[in-house]
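What follows is a single structure, written as structure tokens, with notes after it.
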Amino acid sequence: MEERNRVLIIIPAYNESENIEHVIDYLTKQAPWCDYLVVNDGSTDSTLQICERERFHYLNLPINMGIGGAVQAGYVYACRNGYDIAVQMDGDGQHDAAYLETLLEPLRKDEADVVIGSRFLEKEGFQSSASRRTGINILSFLILLTTGKRIKDVTSGYRAVNRRFIEIYSRDYPMDYPEPEAIVSAIMHLGRVREVPVRMRAREGGTSSITFGRSVYYMIKVTLAILICRMSYGLRRAKKAETAKGGGRQ
Amino acid sequence: MIPATLRISLIAAVICYFIVILYFLKQRALNLKYTLLWLVAGFVMGLLVAIPELLVKIIRIFGIQDNMNGLFIFMIGFIILILLSLTSIASRQNGKLRKLTQEMAILDKRVRQLEQDMTAAGGREHKEE
């Protein structure tokens, strides 16, 4: 049998009792060759009970840490267990496991370090609301300004990373609303970021974690996070270059 | 100049302040690390009560005309600094908590896996090496 990379699908789940069963069933049928790991992020509904009953592979975070902390727990697990590739996929059924191969291909060919599943490249499937798309475009432009790299679907939580970024993200992954910031952090670590077209679906059940009232706060917070991330890594890199020049300083 | 009675009550207040801090320390309700800040604050307050002219001089250096205004500005500035340091402490603890939670979740999964493996072994005796 051909030697395949070991792939771990990380599925953060907060109160996803309505969706999680479908998602895992579909995933194990579509991609039986990869491992998956549900990260129950302190859900208050029966998500944990479902994972237990169905004997899913899961991590149980006893307190709610937000998507950033949950995803990072998955990366730490992937790092410890020697996975070559980690994929993030939402637990609400928006991300279609049929696109896994598309997502993994650039990593397998070693053409990219971070691959983002983008719903805007071919403009197919669920495209989100107009106001949300405007917000995403603004953030996309901001990332272009700060890093010089054009990423269209910056808030997509459907992404795959190689071993190098499993290690980086398990050490340092942004909190709260991490997706755009994680892209900036990947670019600042000199990672090759690539977008591939995927189709997304509207949520199957439950409610999205981002309500309309929070979107203003979201935009301000993420903008700030991108700028701070850009600045601090800029400084860090300069410092590193300096220490390299200074040689064996104690 | 500050009247003598006011000065006495202020000194009493500073002494009370130190007693409260010492009490917390004794109860181990305060880490010495974070107490240093409060001790310094108490020391500065004591100094200002003992030598009020010092405050007036400092305030003039900053170009503030009214003594009381100057005192309030310094106090507010100091309180903001303390709040900032508290936020930073909370953030750092948040990071630690995050690490602990993730570590715990991974261990929890390992324990479950081990239990499952043991059950699967079906009560067979340990065979090591």
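In the text below, chain A, chain B and the rest are named by the order of the sequence lines, each starting its count at 1.
For a residue to count as touching a neighbouring chain, one of its non-hydrogen atoms must lie under 4.5 Å from one of that chain's; by this rule A:Arg55 touches chain B with the side chain only.
The minimum heavy-atom distance linking B:Ile106 with A:Ala73 is given by the pair CD1-O, 4.1 Å. The two residues A:Leu59 and B:Ala105 have their closest heavy-atom pair at CD2-O, 3.4 Å.
In this structure, the separation between CZ on A:Arg80 and NZ on B:Lys109 is 13.5 Å, given to the nearest 0.5 Å. The CG atom of A:Leu61 lies 7.0 Å from the OG1 atom of B:Thr101; values are rounded to the nearest 0.5 Å.
Contact annotation: the side chain of B:Arg98 approaches that of A:Tyr173 to within less than 4.5 Å [non-hydrogen atoms, C-beta and beyond].
Between chain A and the options B:Gln116, B:Lys99, B:Glu103, heavy-atom pairs under 4.5 Å are most frequent for B:Glu103. Of the listed residues B:Gln113, B:Arg112, B:Met104, the one with more heavy-atom pairs under 4.5 angstrom with chain A than any other is B:Arg112.
Residue-environment remark: OH (A:Tyr26) exceeds the threshold of 12 foreign heavy atoms within 6.0 Å. For A:Arg164, the CZ atom sits in a packed shell: over 12 heavy atoms of surrounding residues, nucleotides or ligands are nearer than 6.0 Å. Summarising the local packing, CZ of A:Arg53 is surrounded by more than 12 heavy atoms from other residues, nucleotides or ligands at distances under 6.0 Å.
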